[in-house]
There are 2 protein chains.
Amino acid sequence: MPRKPRKGDVAADEAVYGAIRRAMHMGRLAPGTKLQEPALARVLGVSRERVRKALHRLVHEGWLTAIPNRGTFVPSLTVEEMRQIYDVRSMLEAAIVRRLSEGHTAAAAKRLKAHVTEEKAATRRDDRGRLFELSGEFHVLLAELCGNDELTRLLRGLLTRSTMHFSLAAPRQLTNCAGPHDHGDIADAILGGKADKAAKLMLGHLAGLVTLQAAHPPQHEPVDIEEAFRGIKARRDS
Amino acid sequence: MPRKPRKGDVAADEAVYGAIRRAMHMGRLAPGTKLQEPALARVLGVSRERVRKALHRLVHEGWLTAIPNRGTFVPSLTVEEMRQIYDVRSMLEAAIVRRLSEGHTAAAAKRLKAHVTEEKAATRRDDRGRLFELSGEFHVLLAELCGNDELTRLLRGLLTRSTMHFSLAAPRQLTNCAGPHDHGDIADAILGGKADKAAKLMLGHLAGLVTLQAAHPPQHEPVDIEEAFRGIKARRDS
DNA sequence: ATGCCAAGAAATGTGCACATCCTGTTGGAG
DNA sequence: CTCCAACAGGATGTGCACATTTCTTGGCAT
């Protein structure tokens with residue numbers, strides 16, 4: 001239904017952005033899918049310019065790829081691109097866990113322990129959806145605990161691009177981190193001050209993710225825009 | 001795929017983007033300056049929407065900051081933000097030089113030597129402008145030699161934000177890297193396979209840059225848009 | 001004289017319509 | 001039957017005009 005032309009509604013932009021992002025995260029949009037503006041505008045019930053702006057933002061953030069005068073498409077990550085992303089993550093996250101191992105506040109230790117506890121709880125009750133979220137947040141949490149906003153933002157971008165493969169190609173297998181004990185072991189090494197061990201575990205953890213993704217090639221299923229956004233609409237949460 | 005003779009429409013966006021970026025790089029725009037769209041459109045001789053799109057891109061890349069319904073402004077980097085950027089650079093670049101020290105191709109060694117030679121030549125003939133460019137490219141070159149496009153792109157973004165301070169606050173002192181021998185020493189350590197030494201030199205190098213920047217606080221000079229873009233206009237090269 | 005309020009002006013944000021380009025189709029020729 | 005070219009339909013890109021918000025200036029009351 002048409003929303004009345006409210007005043008400066010900055011939340012509408014975020015809503016459209018979030019809707020597309022959520023559709024990708026749910027695996028509704030297969031790699032190679034063309035996101036045409038009129039269809040999205042009609043389905044989401046917003047103007048075309050709104051969709052246009054959100055698309056441009058997603059392109060700039062690396063979620064979508066645009067071809068001039070052709071349209072914007074859901075990218076199909078090659079194995080090499082994925083390997084490179086994980087390579088950068090390895091550099092950053094190894095340094096992160098090393099730093100945290102060498103020194104961290106009591107509050108940081110508390111947050112880390114709480115996160116691991118929550119992950120274990122989610123694993124025990126087999127809550128795949130929650131575990132999927134928590135697994136990603138674990139890596140962001142480590143960056144946050146370094147107290148460097150720039151680092152956190154950068155790593156979050158890399159992580160979203162990393163998990164894009166799971167979201168797009170293997171949405172059913174909602175396990176984006178290999179071993180269920182990996183995060184716990186890394187946390188233990190950090191809390192125990194074993195920098196070398198923590199770094200080694202992290203490198204092994206990330207390497208495991210690469211092999212896991214390589215084992216699941218992306219499936220190209222043609223999807224319809226209207227069908228993909230069934231029940232997604234625009235919401236406020238991230 | 002052969003490029004078709006288009007109507008220079010795509011290049012116009014890049015031209016406006018480059019013009020603003022060049023004005024910042026020349027130190028014409030002081031931190032806190034408001035970039036209003038009509039004035040820019042008039043000065044650059046393009047439509048307001050073109051300016052608008054370029055501004056949005058610059059905001060998203062971190063060069064400018066936007067306040068809804070207020071406008072876009074040239075940011076004034078705090079010392080803390082700068083320190084965080086250099087912190088992330090330290091993590092990445094230490095890993096980079098370590099990797100290069102542990103193994104690199106003959107072609108990589110050749111490019112590295114050639115770069116250092118060119119830097120020394122620029123230093124000898126006191127070509128500050130060229131040295132400024134080369135000093136920045138050195139760090140990008142190291143990333144390129146790792147053969148990871150994602151890494152290169154990421155580091156390039158960090159580097160542009162790092163040098164922004166020099167561009168905005170201290171444009172006259174065109175020395176963005178502390179010691180003239182630092183790059184040469186780092187290159188020697190890499191070529192000699194001394195990973196620990198190379199990493200240590202790089203960390204010291206970056207730390208020196210932070211103290212150098214902290215010693216030059218940003219100057220707030222009120223500038224006029226028309227005056228700032230005198231003789232800049234839109235060009236095609238980057 | 002100073003602080004507050006209101007009206008005008010300018011800048012930002014948004015929807016709309018048109019121009020341009022791409023794509024799929026259809027018709028005809030070889 | 002196949003291939004190529006022109007055409008129609010549709011999607012993207014862009015300029016323009018208007019709505020909304022904010023800043024400024026002038027006037028008024030304390």
Side-chain angles (χ1 to χ4, degrees), chain A residues 1-17 19-20 29 32-60 63-75 222-226 228-229 234, chain B residues 1-17 19-20 29 32-60 63-75 222-226 228-229 234:
Chain A
M1 55 192 69
R3 301 178 91 86
K4 53 184 175 181
R6 258 278 153 95
K7 304 174 189 177
D9 194 0
V10 283
D13 285 341
E14 210 71 19
V16 175
Y17 171 83
I20 301 175
L29 303 174
T33 305
K34 177 179 180 179
L35 296 177
Q36 39 191 15
E37 301 163 2
L40 278 174
R42 188 178 58 249
V43 170
L44 296 176
V46 296
S47 70
R48 191 166 73 92
E49 278 70 9
R50 206 60 68 89
V51 174
R52 205 171 163 68
K53 190 155 49 165
L55 253 49
H56 280 145
R57 181 178 169 190
L58 288 162
V59 166
H60 201 88
W63 285 89
L64 302 173
T65 55
I67 305 176
N69 294 325
R70 295 280 297 272
T72 65
F73 302 84
V74 179
V223 290
D224 184 39
I225 297 295
E226 301 196 7
F229 280 85
Chain B
M1 198 86 83
R3 287 180 108 69
K4 296 179 181 178
R6 292 206 183 98
K7 304 172 26 183
D9 47 4
V10 224
D13 284 341
E14 211 70 20
V16 175
Y17 171 84
I20 301 175
L29 302 174
T33 304
K34 177 178 179 179
L35 297 178
Q36 41 192 17
E37 301 163 2
L40 278 174
R42 188 178 58 247
V43 171
L44 295 176
V46 296
S47 70
R48 193 167 71 94
E49 278 70 52
R50 205 60 67 92
V51 174
R52 203 172 166 68
K53 188 155 52 166
L55 253 49
H56 279 145
R57 180 178 168 190
L58 288 163
V59 165
H60 206 87
W63 286 89
L64 302 174
T65 55
I67 305 176
N69 295 323
R70 294 280 298 271
T72 65
F73 302 84
V74 179
V223 290
D224 185 38
I225 297 294
E226 300 195 8
F229 281 84

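Naming: A, B, ... by sequence-line order, numbering from 1 per chain.
Checking each of A:V59, A:L40, A:V51, A:T65 against A:T72 for a side chain to side chain contact (heavy atoms under 4.5 Å, CB included) leaves exactly one that passes, namely A:V59.
Considering only heavy atoms from C-beta on, A:L35 stays 4.5 Å or farther from A:F73 through its side chain. For the pair A:L55/A:W63, no side-chain contact is recorded, criterion being any heavy-atom separation below 4.5 Å from C-beta on.
For the pair B:H56 NE2 and C:dT12 P, the interatomic distance rounds to 10 Å; values are reported in whole Å. A straight line from NZ of A:K53 to P of C:dT12 spans 14 Å, rounded to a whole angstrom. Atom pair B:I67:CD1 and D:dT21:P shows a separation of 17 Å (rounding to whole Å applied). Atom-to-atom, CD1 of B:I225 to C1' of C:dA11 comes out at 13 Å; the value is rounded to the nearest Å. One atom, CD of A:Q36, and another, P of C:dT23, lie 12 Å apart when rounded to the nearest Å. One atom, CG of A:L64, and another, P of D:dT12, lie 13 Å apart when rounded to the nearest Å.
Listed by chain and number, the residues in a salt bridge (Lys or Arg N to Asp or Glu O under 4.0 Å) with A:R48 are A:E37 (sequence neighbours excluded). Scored by the side-chain contact (heavy atoms from CB on, under 4.5 Å) test, B:Q36 finds B:K34, B:P38, B:A39 as partners (sequence neighbours excluded). Listed by chain and residue number, B:D13 satisfy the salt bridge (Lys or Arg N to Asp or Glu O under 4.0 Å) test with B:K53 (two or more places apart in sequence, or in another chain).
Considering every non-hydrogen atom in both B:A19 and B:F229, the closest pair reads O-CE2, 3.7 Å.
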Please list, pair by pair, any protein nitrogen or oxygen found under 3.5 Å from a nitrogen or oxygen in nucleotides 22-25 of chain D.
from   : atom 1 : to    : atom 2 : distance (Å)
D:dC23 : OP1    : B:R70 : NE     : 2.6
D:dC23 : OP1    : B:R70 : NH2    : 3.4

Report all interatomic pairs (protein N or O, nucleotide N or O of nucleotides 16-19 of chain D) with separations under 3.5 Å.
from   : atom 1 : to    : atom 2 : distance (Å)
D:dC16 : N4     : B:E49 : OE2    : 3.3

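To the nearest 0.5 angstrom, B:I20 atom CD1 is 6.5 Å from B:L44 atom CG.
Distance from the side chain of B:R52 is smallest for C:dT12 among the nucleotides C:dT12, C:dG15, D:dA11.
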